[in-house]
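The structure under discussion appears below in the form of structure tokens.
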Amino acid sequence: MKISAFHFTLFIAILAVGSSPADAYDPGPLQDFCVAVNDSKAAVFVNGKICKDPKTVTSDDFFISGFNKPGNISNPFGSRVTHAFVDDLPGLNTLGISIVRIDFAPNGVNPPHEHPRASEILVVLEGTLYAGFITTNPRNPNEKNKLFSKILQPGDVFVFPKGLIHFQYNIGTTSAVAIASLNSQNPGIMTIPKAVFGSEPPVRADVLVKSFDVDEKLVEYLQSLPWKGNN
């Protein structure tokens, strides 16, 4: 895909929003958990990577290429997330930002997922996406979670608040492309169906039968699928 001046401007605008000086670092934990250990040799550095000696830093530490190339969408979801997190781009360490490119086949979906450590702002470059997020459980148990969604065209921007389940679905007849920025160097990704039905070891079937109010055979079938991510 050739990046036009318009696309480039939107790209820079997203980065500018993600790198607000008010919060240009990750104030919260950058890992799912941190178990105490007395052996310092077995310890893992918390909240970021160990810093490289400034004398050995080069321009390549702040550079990554390939975001102009479509991702491989030959997977069951029909989508591919190409990310630039701190493990891909070391210069992001301590900056509190990251960026992804999302490619969609026609009818491709970036399935319901959430980022435990980041909000996300997305701009559509090509195609037509149906995108939305779902609120947390309301205080009244009889009320439903609320869906906020929009049909997005090229140039449209949509925001997904931190930690909320969200998705994007290509409702067009051609491929679609979007760029998104997140306010964490390691936002984390939890794809809901993969996490629930594809965990290792698997969740007990009776737990899922009771939780989803479905037949045990359906749960066993879903757990037998080779769940994989799209990133």
Side-chain angles (χ1 to χ4, degrees), residues 1-20 24 26 49 52 57-115 117-133 150-160 166-189 191 228-231:
M1 183 195 78
K2 184 178 181 180
I3 302 294
S4 67
F6 169 71
H7 292 162
F8 181 77
T9 301
L10 288 172
F11 184 88
I12 296 301
I14 288 178
L15 284 179
V17 172
S19 59
S20 168
D26 282 287
K49 302 285 187 176
K52 190 175 184 179
V57 171
T58 70
S59 297
D60 286 340
D61 292 316
F62 304 95
F63 172 80
I64 191 171
S65 63
F67 266 59
N68 61 322
K69 300 177 182 178
N72 184 357
I73 53 179
S74 58
N75 60 67
F77 296 127
S79 68
R80 177 66 62 183
V81 179
T82 303
H83 50 70
F85 297 158
V86 68
D87 285 338
D88 314 294
L89 185 55
L92 291 177
N93 194 36
T94 75
L95 299 185
I97 56 172
S98 57
I99 195 165
V100 300
R101 168 182 170 139
I102 315 170
D103 290 278
F104 301 84
N107 298 314
V109 64
N110 191 14
H113 63 283
E114 59 103 3
H115 304 291
R117 296 181 284 274
S119 297
E120 175 181 348
I121 183 167
L122 175 141
V123 59
V124 177
L125 301 184
E126 296 180 4
T128 304
L129 296 180
Y130 167 56
F133 66 87
K150 292 286 288 186
I151 304 297
L152 305 177
Q153 305 291 345
D156 289 345
V157 175
F158 200 75
V159 174
F160 306 101
H166 58 285
F167 59 87
Q168 301 98 29
Y169 176 60
N170 183 6
I171 61 175
T173 58
T174 62
S175 298
V177 182
I179 293 285
S181 182
L182 303 100
N183 64 333
S184 171
Q185 67 184 46
N186 183 27
I189 305 170
T191 305
K228 296 181 179 179
N230 63 336
N231 59 297

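None of the values given here were measured: they were computed from a predicted structure.
Here the side chains of Asn93 and Gln185 are in contact, with some heavy-atom distance below 4.5 Å. At least one side-chain heavy atom of Phe67 sits under 4.5 Å from a side-chain heavy atom of Ile99. The shortest distance between side-chain heavy atoms of Lys150 and Asp156 does not fall below 4.5 Å. Considering only heavy atoms from C-beta on, His166 comes within 4.5 Å of His115 through its side chain.
Listed by first and then second residue, the salt bridge (Lys or Arg N to Asp or Glu O under 4.0 Å) pairs that reach into residues 166-185 come to none, sequence neighbours excluded. The list of salt bridge (Lys or Arg N to Asp or Glu O under 4.0 Å) pairs with a residue in residues 90-100, not counting sequence neighbours, is empty. For residues 169-180, the side chain to side chain donor-acceptor pair (under 3.5 Å) pairs, not counting sequence neighbours, are Asn107-Tyr169.
Residue Ile171 holds its CD1 atom at 11.5 Å from CZ of Phe104, rounded to the nearest 0.5 Å.
Applying the ring-ring contact (aromatic ring centres under 6.0 Å, His included) test to His83 and every residue at least two apart in sequence or in another chain returns Phe85. For Ala131, the side-chain contact (heavy atoms from CB on, under 4.5 Å) partners at least two apart in sequence or on another chain are Leu152, Phe160, Gln168. Residues satisfying the salt bridge (charged side-chain N to carboxylate O under 4.0 Å, His left out) criterion with Asp87, sequence neighbours excluded, are Lys49. Partners of Asn72 according to the side chain to side chain donor-acceptor pair (under 3.5 Å) rule, which considers only residues two or more places apart in sequence or in another chain, are Ser74. Evaluation of the salt bridge (charged side-chain N to carboxylate O under 4.0 Å, His left out) rule for Lys52 yields Asp61 as partners, not counting sequence neighbours. Listed by chain and number, the residues in a side-chain contact (heavy atoms from CB on, under 4.5 Å) with Phe167 are Pro112, Tyr130, Leu147 (sequence neighbours excluded). Checked against salt bridge (charged side-chain N to carboxylate O under 4.0 Å, His left out), Asp88 has no partners two or more places apart in sequence or in another chain. When the side chain to side chain donor-acceptor pair (under 3.5 Å) test is applied to Asn230, the partners found at least two apart in sequence or on another chain are Ser79, Asn110.
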